[in-house]
Protein chains: 4
Amino acid sequence: MNGAQERPLRADAARNRARLLAAATEVFTTRGIATPTEEIARAAGVGVGTLFRHFPTKEALLEAVMVRRLEEIATATARLADNAERPGGEHADGERTDGDGGEDGSGGGAFFAAFRVVVERSAGKDEFTRALAAAGVDAHAALHASGTAIREHLARLLAAAQRAGAVRREVGMVELFALLVGTTTAVERLQDDPAARELVFTVVFDGLRPH
Amino acid sequence: MNGAQERPLRADAARNRARLLAAATEVFTTRGIATPTEEIARAAGVGVGTLFRHFPTKEALLEAVMVRRLEEIATATARLADNAERPGGEHADGERTDGDGGEDGSGGGAFFAAFRVVVERSAGKDEFTRALAAAGVDAHAALHASGTAIREHLARLLAAAQRAGAVRREVGMVELFALLVGTTTAVERLQDDPAARELVFTVVFDGLRPH
Amino acid sequence: MNGAQERPLRADAARNRARLLAAATEVFTTRGIATPTEEIARAAGVGVGTLFRHFPTKEALLEAVMVRRLEEIATATARLADNAERPGGEHADGERTDGDGGEDGSGGGAFFAAFRVVVERSAGKDEFTRALAAAGVDAHAALHASGTAIREHLARLLAAAQRAGAVRREVGMVELFALLVGTTTAVERLQDDPAARELVFTVVFDGLRPH
Amino acid sequence: MNGAQERPLRADAARNRARLLAAATEVFTTRGIATPTEEIARAAGVGVGTLFRHFPTKEALLEAVMVRRLEEIATATARLADNAERPGGEHADGERTDGDGGEDGSGGGAFFAAFRVVVERSAGKDEFTRALAAAGVDAHAALHASGTAIREHLARLLAAAQRAGAVRREVGMVELFALLVGTTTAVERLQDDPAARELVFTVVFDGLRPH
DNA sequence: GATGAATGAGACTTCATTCAT
DNA sequence: CATGAATGAAGTCTCATTCAT
């Protein structure tokens, strides 16, 4: 897609870029996107000038952070979606060996695993999305690409899970996404209470099963 | 608790205060809390000076908006909680008259009704909460008061619903609150798709039932 | 043209606006348009905020300064153009009373007077024009209006002077404007040498006469 | 004056220096002196580091550009001045052969030719001068040297032209310089209109002749 | 009391200059 | 020596808050 316009990037430059991305992820998530750029630069141990050399705009930095997150998620969902469809993927034969601690019990394990992945890696993403949407950046190429990929993987996983009778058929992509961001928000404030987190997942997953 | 210690407030002043509160609610919700104070003043049809006379700080205005919301929610949950416990409230005897618009069908109707109320009146509250939390204002008196009341009503409703076997017993207040904010977020983006909203509620409610 | 959108402007606001305009004229002319806004604000005795309340952009301030200059010039050239054409304006009859120390000597006095006016009030305008042009602001309404007026007045004066045989007929508006800005530049550095200034005017004026 | 005290400069270094000078001349003239140094480096096909190795300061680069221009002008005026004074230079005897492209017809041809040279090679110099002056660099050695030379040549040419009766005697060096920069400015905006340019020269030259 | 002009700290961004590669 | 990444001072503009009208 973009093959030649980015030269290899000098060693130190690459390191600084990585540091900035890490610092931005951390700072944006914990202190909100209103945090001054200077703060992020300081957290990354570089000057503001360096920040702006790598990301020409605060918004661009924001986007880069999101893109990285989305890409990670897309990678994970891709694996799950491929596995689930591969013949033999997700314990293919009939003999319900199961045992998958409640996550499914009747196919759809990959779907629920993907749901977890998306939720767990989306922490803090909420505010980012809002910010970008507000800036009218909805369709920035990179974002769009990863977003589309994730959407596609989830669609396949959802369909498979419904075929397997693991998820109620009324649920479509719209509801799925709403539940994903909702669960993300719910779980976000339960960082330190794993039991509560598990229970929230259980409630949502049970609610998604056919009734 | 504090009802009368502040002097009655002249008629026009009261009207301006009300206008500001309404405008702020609207503007903060639709355009985000970063909207300049001047915008809010304009929306309310008053000057900035007036805004700052009524609310010494932007943060104070934010808080006032939230307090009003919480109070409304508290009023609604109070009624539901009282009803549910009153002898005969929520069809007390065994004869499942039901008929409660599908909300449950086996006790717990008041609880689920309260869940809906909280979610539906909380739209946009999310960002407010974050903002206030960020400002270290977590325990501002007024907020705390209404918050406590709501928490108490919900606790009673939850207990009743669990006694009636309508809600799984593992769910405690922590999970309930997480699910409330989560569902609020989920539902927020489904403003224009009532069917999807309903389905989200169905999923969450079904998930809350004993399994 | 614009009648109602500008409210009367409070007394202090009007004073500050005037101060800012004066300070900007002074500062831009003497220290160049690269002078920081803060300098101008300080020179005007107000805060930067005030400057930006009155002129939303540095460029807007620049434009306002220019507009005022152009308007002054337009007023002066208007008077001269009208006078020259009024029956009896500029000693209408044939009897070359002359005596006008070289400024004309054969009609065209109004034209040469206008030339002087434009040059003398244009000091420093040069850099402004360049700056505005660079900013792609060439056709900003107000500027355009005054500019057009001046152009029109000068066209009439030039025609009259040529009819009177006071100016060579080959000269058109293009050359006239070029000579105007050229003479402005020439004269700008002769601020403190009135005799030299006069001589420059003499040279240009003599050159403009039929040969 | 300073020709050899700096070591010879390696071949590639010399080429880079030349490229930078050319690029700077071009860029400063077309896009203004506010153009970032990086732009100039890119135009020259080198890195910024190289630029700053050759010219320790942006201002130094600016000065170098000007010096080169002034030197070119000085070379041209030198030739003209020498020619005019050499016995037989500029058709010394009385027999008005003229033929000198119409520039004068009565001696002073070299003077007017020099005037043209200065004007035509000064395009864009205006902004440079201002910039340097603003930076308090008025008397930088190199600039001064070439400037002095030009001044001297012009003084000789002017004197000769006045002796020949081709230029009015009131005009001194002060007025001459003012007219030079003025004509430069006038002519600058007439780049694409040769006829208008010629007419401007004609006006100024006629104005300079005795009246 | 209401108004909106004034204020100035602070945000984002640019760019001349330095320095590691 | 060349390169271009890093730096941070400085510039333009915003906005919560104060205060004269």
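No hydrogens, no waters, no symmetry mates; every other heavy atom, side chains included, goes into these values. Everything numeric in this text was worked out from a predicted model, so none of it was measured. Per chain, numbering begins at 1; letters A, B, ... match sequence-line order.
Note that CD1 of B:Ile40 is 10.0 Å distant from CD1 of B:Ile33, once rounded to the nearest 0.5 Å. Rounded to the nearest 0.5 Å, atoms CD (D:Glu188) and OG1 (D:Thr29) are 9.0 Å apart. Between B:Arg17 atom CZ and B:Leu51 atom CG the span is 11.0 Å, to the nearest 0.5 Å. C:Leu21 contributes atom CG, which lies 10.5 Å from atom NE2 of C:His54 (distance to the nearest 0.5 angstrom).
A salt bridge links B:Arg42 with B:Glu39: the distance from a Lys NZ or Arg NE/NH1/NH2 to an Asp or Glu carboxylate oxygen falls below 4.0 Å.
Residue D:Leu51 contributes atom CG, which lies 16 Å from atom C1' of F:dA5 at whole-angstrom precision. Between B:Leu20 atom CG and E:dT3 atom C1' the separation is 13 Å, expressed in whole Å. The CD1 atom of D:Ile40 sits 12 Å away from the C1' atom of E:dC15 (whole-angstrom rounding). The nearest whole Å value for the distance from the CD atom in A:Glu39 to the P atom in E:dT13 is 16 Å. Rounding to whole angstrom units, CZ of residue A:Arg17 and P of F:dG4 are separated by 18 Å.
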Base versus backbone protein contacts along nucleotides 11-21 of chain F [heavy-atom cut-off under 4.0 Å; B, S, -]: SSBBSSBB---

Verdict with reasoning, B:Met66 to B:Leu62, per side-chain contact (heavy atoms from CB on, under 4.5 Å): CA-CA 6 Å; B:Met66 282 200 54; B:Leu62 212 52; 5.7 Å; no

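Taking every heavy atom of both residues into account, C:Val48 and C:Thr37 meet most closely at CG1-OG1, 4.2 Å.
Between A:Arg53 and F:dA5 there is a side-chain polar atom (N or O) within less than 4.0 angstrom of OP1 or OP2. At least one side-chain nitrogen or oxygen of A:His54 sits closer than 4.0 Å to the OP1 or OP2 atom of F:dA6. Note on B:Asn16: every side-chain N or O is 4.0 Å or more away from OP1 and OP2 of E:dG1.
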Per-nucleotide pairing state of DNA chain F [Watson-Crick or G-U, under 3.5 Å; [ ] pseudoknot-crossing; | other strand]: .||||||||||||||||||||

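Between the side chains of B:Thr50 and B:Arg19, no donor-acceptor pair of N or O atoms lies under 3.5 Å.
Remark: A:Glu38 CD is loosely packed, at most 12 non-hydrogen atoms of other residues, nucleotides or ligands lying under 6.0 Å away.
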